[in-house]
Amino acid sequence: MAASLPARTQELRTPDYQLDIAALDLELSPRHKLRTVAYNGQVPGPLLRFKEGKPVTIEVTNHTDHPEVVHWHGLFLPPSVDGATEEGTPAIAPKAFARYTFTPRPSGFRWYHTHTMAMDDLTRAQYSGQHGFLMVEPRDDPARYDQEFFLALHDWSGYLLANEDGAMNPSYAVATINGKAMGFGEPLRVKMGQRILLHVLNSSPTEVHWIALAGHAFRVVALDGNPVPTPRTIPMLRLAPAERVSAIVEMDNPGVWVLGEVRKHVQALGMAVAVEYEERRGPARWEQPSDLIWSYEQFAAAQPANASPAPPILVPLVFESRFRGHGAMEAWTINGESYPNAKVAPLIRGRRYRLQLINKSMDDHPLHLHRHSFELRTLGAPLTAARGAAPSEIGGILKDVLLLDAQTRAEVEFTADNPGASLFHCHQQNHMDRGFMMLFEYA
């Protein structure tokens, strides 16, 4: 439901939450101040906590001069409220408001963000401060931790930088955690012996990030809000744009430590925060990891799940770029067509589908499917692999974003159990802006 601001009526009940989209002067550090757009005058926006299965109403007011829409990323919602105009969610006109009423599911760490186009303006859409945490509490939460922290990784002050072939890609002057560069935000305060639960979101418009906590390790328990079949203790996390990782950290090494980007040049842009034990002071200490280590497969089930009675319907999706000239960002295609012309056969409700994701480009892509979760089945097979060589099957890892490496292929499966238009796209803002989207329609 959308209306102009003067049209509010008394019969509308008080919403459970209110979000105001408005301009904000944001201080990332004393040397980096910028004007952006944010929710409720803060970056990240307020943490929204829902109860799984309990209906919720959120009123969103757009105080800007541009149409806006809020996407509830990771939830199984009808297209009318999912928050993508391509699916049919109405845009919120300037100086107007909308009400979203839905029943949140599934439980877990989700997020909300704008779902608009930026094109050549690297201050709008996901380049802005319009992102916030969303937690759907399970009906029965054992809460086996002492503290939880929500952390958003973000890149700011974008500018275009040329690749070797002359095509342009965004680069950034500042990188933050929760809207502050290292040394200018509050530390995470902990106590010896605590188990803390970190919920980490990469809200960057385009950048993959690697995160480590000096002197400690992460026990990963969920990816994109979904519990993993095999929790693992690992030295660092990798998150593509829109991915989330939930991890337990045992606080057993007193001191003041740096939690931040592993790559030195990115940490130097500000992407770090201090973790401070009780009664410990002084400069935060960093220990540089030797290698970048990450794989989805390590969290998979010990044995792949048995095949369903009916084999899944195969849907090949080939991703390629189109050079648009020196000084321009590339265009993108799925099966040779850009949005809105990229199409596949309508989905049949209740059927299982296997998306064959074939990346012929030289870029990595964080691929996102709206309104569904998918199961990872095969990963990272190079396109140059010998003909007939079958990649190993995995199972049990449910996600809504998958980072597909350049010149590789992967396969994911999902069940078509949420009828309506469902957007599939690269979550890298400049790729989405330049055609890397398509709609799955139900028959």
Side-chain angles (χ1 to χ4, degrees), residues 39 43-50 52 70-77 83 104-115 126 130-138 141 145 148-155 176-179 188 196-213 218-229 231-232 234 236-249 259 261 271 273 294-296 298-299 364-376 396-404 412 425-429:
Y39 299 117
V43 175
L47 168 64
L48 304 183
R49 285 192 181 271
F50 303 153
E52 185 181 22
V70 181
H71 172 47
W72 315 102
H73 185 123
L75 298 185
F76 301 162
L77 300 179
R105 67 181 183 94
S107 63
F109 179 29
R110 316 297 164 182
W111 67 302
Y112 60 96
H113 60 87
T114 182
H115 210 290
Q126 203 56 47
Q130 292 179 79
H131 56 269
F133 308 115
L134 192 163
M135 176 60 75
V136 181
E137 304 285 1
D141 184 3
Y145 53 87
E148 66 178 343
F149 297 95
F150 290 82
L151 305 175
L153 318 176
H154 201 74
D155 299 283
T176 64
I177 295 180
N178 287 356
L188 308 185
I196 66 169
L197 177 57
L198 295 179
H199 298 293
V200 187
L201 158 69
N202 184 357
S203 65
S204 173
T206 64
E207 298 301 295
V208 175
H209 286 297
W210 296 79
I211 297 295
L213 172 53
F218 303 98
R219 184 162 183 81
V220 173
V221 295
L223 298 176
D224 291 353
N226 305 306
V228 296
R232 297 282 189 192
I234 57 176
M236 68 187 75
L237 311 176
R238 186 198 70 181
L239 298 98
E243 285 192 304
R244 290 89 64 210
V245 175
S246 298
I248 293 287
V249 180
L259 187 159
E261 238 286 359
M271 188 169 282
V273 64
W294 177 266
S295 72
Y296 295 117
Q298 64 190 320
F299 307 112
D364 301 342
H365 298 293
L367 303 171
H368 173 43
L369 177 61
H370 284 226
R371 309 177 54 250
H372 302 76
S373 292
F374 49 70
E375 183 180 8
L376 310 190
I397 301 175
L398 295 177
K399 298 186 90 271
D400 55 58
V401 178
L402 169 68
L403 183 63
L404 180 64
V412 302
H425 64 94
C426 178
H427 217 285
Q428 199 166 312
Q429 181 76 50

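The analysis underlying the following values was restricted to heavy atoms, covering all of them including side chains, and did not include hydrogens, waters or symmetry mates.
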Peer 1: Where the side chain of Y296 meets the backbone of L402, is there a donor-acceptor pair that is under 3.5 Å apart?
Peer 2: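 No; zero donor-acceptor contacts below 3.5 Å.
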Peer 1: Once you round to the nearest 0.5 Å, how far does CE of M236 lie from CZ of F218?
Peer 2: 9.0 Å
Peer 1: As an exercise, state the distance from CZ of F109 to CG of L197, rounded to the nearest 0.5 Å.
Peer 2: 9.5 Å
Peer 1: Would you say L153 and I177 make side-chain contact, with heavy atoms under 4.5 Å?
Peer 2: yes
Peer 1: State whether the side chain of R105 and the backbone N or O of L77 hold a donor-acceptor pair below 3.5 Å, judged by distance alone.
Peer 2: no
Peer 1: How close do R232 and Q298 get, heavy atom to heavy atom, and via which atoms?
Peer 2: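 Here R232 and Q298 meet closest at NE-O, 2.8 Å.
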Peer 1: Hey, does V221 have a side-chain heavy atom less than 4.5 Å from the side chain of P227?
Peer 2: no
Peer 1: Can you measure from CD1 (I196) to CD1 (I248) and round to the nearest 0.5 angstrom?
Peer 2: 8.5 Å
Peer 1: Indicate yes or no: at least one non-hydrogen side-chain atom of L75 is less than 4.5 angstrom from one of Y112.
Peer 2: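 No, their side chains stay 4.5 Å or more apart.
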Peer 1: Search all heavy atoms of Y39 against all heavy atoms of Q130 and return the closest pair with its distance.
Peer 2: CE1-C, 3.3 Å
Peer 1: Would the distance check show the side chain of E261 and the main-chain N or O of W210 forming a donor-acceptor pair, the cut-off being under 3.5 Å?
Peer 2: yes
Peer 1: Pairing donors with acceptors under 3.5 angstrom, does anything connect the side chains of H154 and S203?
Peer 2: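 Distance-only check passes for H154 and S203.
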Peer 1: What are the two closest heavy atoms between L47 and L134, and how far apart are they?
Peer 2: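 So the two residues come closest at CD1-N, 4.4 Å.
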Peer 1: So which of L237, V228, N202 actually passes side chain to side chain contact (heavy atoms under 4.5 Å, CB included) with V245?
Peer 2: L237
Peer 1: To the nearest 0.5 angstrom, please state how far the CD atom of Q429 sits from the NE2 atom of H115.
Peer 2: 8.5 Å
Peer 1: Is a side-chain N or O of R371 found less than 3.5 angstrom from the main chain of L369, in a donor-acceptor match?
Peer 2: no
Peer 1: Could you measure the distance from the NE2 atom of H113 to the NE2 atom of H427? Nearest 0.5 Å is fine.
Peer 2: 3.5 Å
Peer 1: Check H71, H368, H365 against H425 for a ring-ring contact (aromatic ring centres under 6.0 Å, His included) and give me the one that passes.
Peer 2: H368
Peer 1: Any non-hydrogen side-chain atom of H209 less than 4.5 Å from a side-chain atom of D155?
Peer 2: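 Side-chain contact under 4.5 Å: yes.
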Peer 1: Applying side-chain contact (heavy atoms from CB on, under 4.5 Å) to Q126 and T114, what does each step give before you reach the verdict?
Peer 2: CA-CA 7 Å; Q126 203 56 47; T114 182; 4.2 Å; yes
Peer 1: Using the rule given for side-chain contact (heavy atoms from CB on, under 4.5 Å), can you reason through R244 versus W111, listing the C-alpha separation, both sets of side-chain angles and the distance that settles it, and then say yes or no?
Peer 2: CA-CA 9 Å; R244 290 89 64 210; W111 67 302; 3.7 Å; yes
Peer 1: Working note: V43 + T176, criterion side-chain contact (heavy atoms from CB on, under 4.5 Å); need CA distance, chi angles, decisive distance, verdict.
Peer 2: CA-CA 10 Å; V43 175; T176 64; over 6 Å; no
Peer 1: State whether the side chain of E52 and the backbone N or O of E137 hold a donor-acceptor pair below 3.5 Å, judged by distance alone.
Peer 2: no
Peer 1: Any non-hydrogen side-chain atom of F50 less than 4.5 Å from a side-chain atom of R110?
Peer 2: no
Peer 1: With side chain to side chain contact (heavy atoms under 4.5 Å, CB included) as the test, pick out the partner of P241 among L201, V208, T206.
Peer 2: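 Passing option: V208.
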Peer 1: Assess whether a salt bridge exists between R238 and E243, defined as any Lys/Arg side-chain N lying under 4.0 Å from an Asp/Glu carboxylate O.
Peer 2: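 No salt bridge links R238 with E243.
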Peer 1: Start with the C-alpha gap between D224 and F374, add the side-chain angles, then the distance that decides, and say whether side-chain contact (heavy atoms from CB on, under 4.5 Å) holds.
Peer 2: CA-CA 11 Å; D224 291 353; F374 49 70; over 6 Å; no
Peer 1: Is there a side-chain contact between N178 and F133 (heavy atoms, below 4.5 Å)?
Peer 2: yes
Peer 1: Just verifying a value: how many Å separate L198 CG and Y145 OH, rounded to the nearest 0.5 Å?
Peer 2: 11.5 Å
